[in-house]
Amino acid sequence: MPEPAAPIKPNPIDADALLAWYDRHAREMPWRVAPADKVAGERPDPYRVWLSEVMLQQTTVVTVRRYFEDFTNRWPTVADLAAAPREEVLAAWAGLGYYARARNLHACAQAVVADHGGAFPTSAEGLKTLPGIGAYTSAAIAAICFDEQVAVVDGNVERVVARLTRLSDPVRNAKPLIGEIVGEAVPERAGDFAQAMMDLGATICAPKSANCLVCPLRPGCAGAAAGDALDFPVAPPKKKRPARVGHAYVLERPDGAIWLRRRADKGMLAEMTEVPGSAWTDDQEAPDFPMDTEWREAGEVEHVFTHFSLRLTVWQARAGEEPPGEGWWSKPGALSREALPTLYKKVLKSAGIDVKPPRL
DNA sequence: AACACGGGGAC
DNA sequence: GTCCCAGTGTT
């Protein structure tokens with residue numbers, strides 16, 4: 001009696017079909033080398049790919065473009081970035097969010113220079129040892145720059161695979177399975193394949209629309225066959241966002257300079273610049289002004305973070321002298337070069353102080 | 001495994 | 001308002 005054949009479960013990702021689609025529809029980006037140019041021998045610059053990938057962590061392409069432009073103009077190589085003062089890097093990052101990325105970016109550039117002779121490691125394994133480079137980013141750089149045949153799994157790829165397989169588990173429980181499916185399908189053109197999967201997720205297999213009629217992976221897609229692709233991936237239960245409140249104090253010198261200080265090394269907006277303020281609490285407390293002078297209320301600011309929302313009452317005063325504690329005066333023209341997160345740009349705006357965009 | 005960690009664009 | 005984005009590090 002013959003052994004029953006092992007059940008054949010064909011991989012739903014047809015790499016050839018996907019690459020053929022990518023050759024015609026690849027998105028153009030400043031850090032990318034187009035498929036035709038790669039054929040001609042052009043290679044991506046690991047520095048630019050790394051910078052873009054870090055900026056793109058939990059951040060949209062539209063938002064990243066101008067920051068990428070600004071960073072590469074100011075710091076064309078990893079050595080330039082490594083040599084830059086920390087405050088300048090944080091200031092250039094201001095507004096992009098997730099500021100641990102900027103701190104790790106700077107540390108990573110310095111590690112590449114100090115420990116790797118100024119060249120990025122060429123394997124995912126080596127890249128992953130660097131600060132700010134995790135499972136996704138290490139695989140992405142290795143695939144895109146060096147065509148290492150590794151699974152590159154980001155939010156786009158998770159969504160695509162979840163629909164291809166009608167994955168019943170929430171994605172966070174199914175990461176290994178997704179990585180396995182993608183890993184089996186990676187062809188020699190690993191970099192183009194990785195970018196093709198992400199382009200597919202960004203343009204055709206998008207979060208709220210699935211244009212299955214033009215999808216190159218439609219023949220193997222269980223979600224398309226069942227007509228319920230949009231029901232995947234299954235969303236985990238959502239938790240609610242607590243509300244916090246506090247005060248912010250805008251101290252203005254007669255010449256218009258604003259009193260600023262540096263935030264703590266850890267926690268929210270670590271190492272970034274702020275105006276003085278109270279703690280952020282569950283219930284509003286009385287203001288604890290940083291110095292004894294005539295304070296007037298200058299509006300309220302609402303700001304939403306990932307895991308809580310914040311409402312700050314803004315107070316404003318004129319000052320002839322410095323308040324106690326560490327800090328510095330920043331003149332109006334210099335404010336745009338401070339490492340001010342969006343929250344504090346809102347605070348200053350509420351006090352009638354408009355911080356000009358930091359870049360052109 | 002769960003949570004901390006920003007901000008903005010699309011709907 | 002909601003969703004979610006080319007995720008990483010910490011606990």
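Sequence lines set the chain letters: A, B, ... in the order given, protein chains first and strands last, and positions in each chain run from 1.
- Each of A/G95 and A/N173 was matched to the nucleotide of DNA chain B holding its nearest heavy atom; the match closer to the 5' end belongs to A/N173.
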Exercise. Stepwise, does the side chain to side chain contact (heavy atoms under 4.5 Å, CB included) test hold for A/V61 with A/V64?
Worked result: CA-CA 5 Å; A/V61 169; A/V64 163; 5.7 Å; no
Problem set entry | Base-contact (B) and sugar-phosphate-only (S) positions in nucleotides 4-11 of chain C, heavy-atom cut-off under 4.0 Å, - elsewhere | SBBBSS--
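- Not counting sequence neighbours, A/H116 has no partner by the ring-ring contact (aromatic ring centres under 6.0 Å, His included) test.
- Contacts of A/A111 classified as side chain to side chain contact (heavy atoms under 4.5 Å, CB included), with partners at least two apart in sequence or in another chain: A/D115, A/L130.
- Looking at residues two or more places apart in sequence or on another chain, you find a side chain to side chain contact (heavy atoms under 4.5 Å, CB included) between A/Y98 and A/Q58, A/R101, A/T306.
- Taking the side-chain hydrogen bond (donor to acceptor under 3.5 Å, both in side chains) definition, one finds that A/K128 meets it with nothing, sequence neighbours left out.
- Here side-chain hydrogen bond (donor to acceptor under 3.5 Å, both in side chains) pairs that include residues 205-222 of chain A, with residues two or more places apart or in two chains, number zero.
- To the nearest whole angstrom, the two P atoms, one in C/dT8 and one in B/dG8, are 22 Å apart.
- Partners of A/T273 by side chain to side chain contact (heavy atoms under 4.5 Å, CB included), not counting sequence neighbours, listed by chain and number: A/L260, A/W328, A/E338, A/A339, A/L340.
- Using bins of under 30°, 30° to 60° and over 60° for the plane-to-plane angle, the ring pair A/F71/A/W75 lands in the perpendicular bin.
- Residue-to-nucleotide proximity on DNA chain B shows that, of A/V62 and A/G97, the 5′-proximal contact is made by A/G97.
- When the P atom of C/dG1 is taken as reference, atom NZ of A/K240 falls 14 Å away, rounded to whole Å.
- As judged by a 4.0 angstrom heavy-atom cut-off over every strand, A/M268 is placed among residues touching the sugar-phosphate backbone only.
- Looking at residues two or more places apart in sequence or on another chain, you find no side-chain hydrogen bond (donor to acceptor under 3.5 Å, both in side chains) involving A/W280.
- Taking the side chain to side chain contact (heavy atoms under 4.5 Å, CB included) definition, one finds that A/D255 meets it with A/R253, A/A257, A/K331, sequence neighbours left out.
- Spacing of P atoms, B/dC3 relative to C/dA6, comes out at 24 Å, to the nearest Å.
- Pairs engaging residues 277-304 of chain A under the salt bridge (charged side-chain N to carboxylate O under 4.0 Å, His left out) rule: A/E300-A/R311 [sequence neighbours left out].
- For the C1' atoms, the distance from B/dC5 to C/dC4 is 15 Å, rounded to whole Å.
- Along DNA chain B, read 5' to 3', the first and last nucleotides having any atom under 4.0 Å from a heavy atom of chain A are B/dA4 to B/dG8.
- Taking every heavy atom of residues 300-310 of chain A and every atom of DNA chain B, pairs under 4.0 Å involve A/H303, A/F305, A/T306, A/H307, by number.
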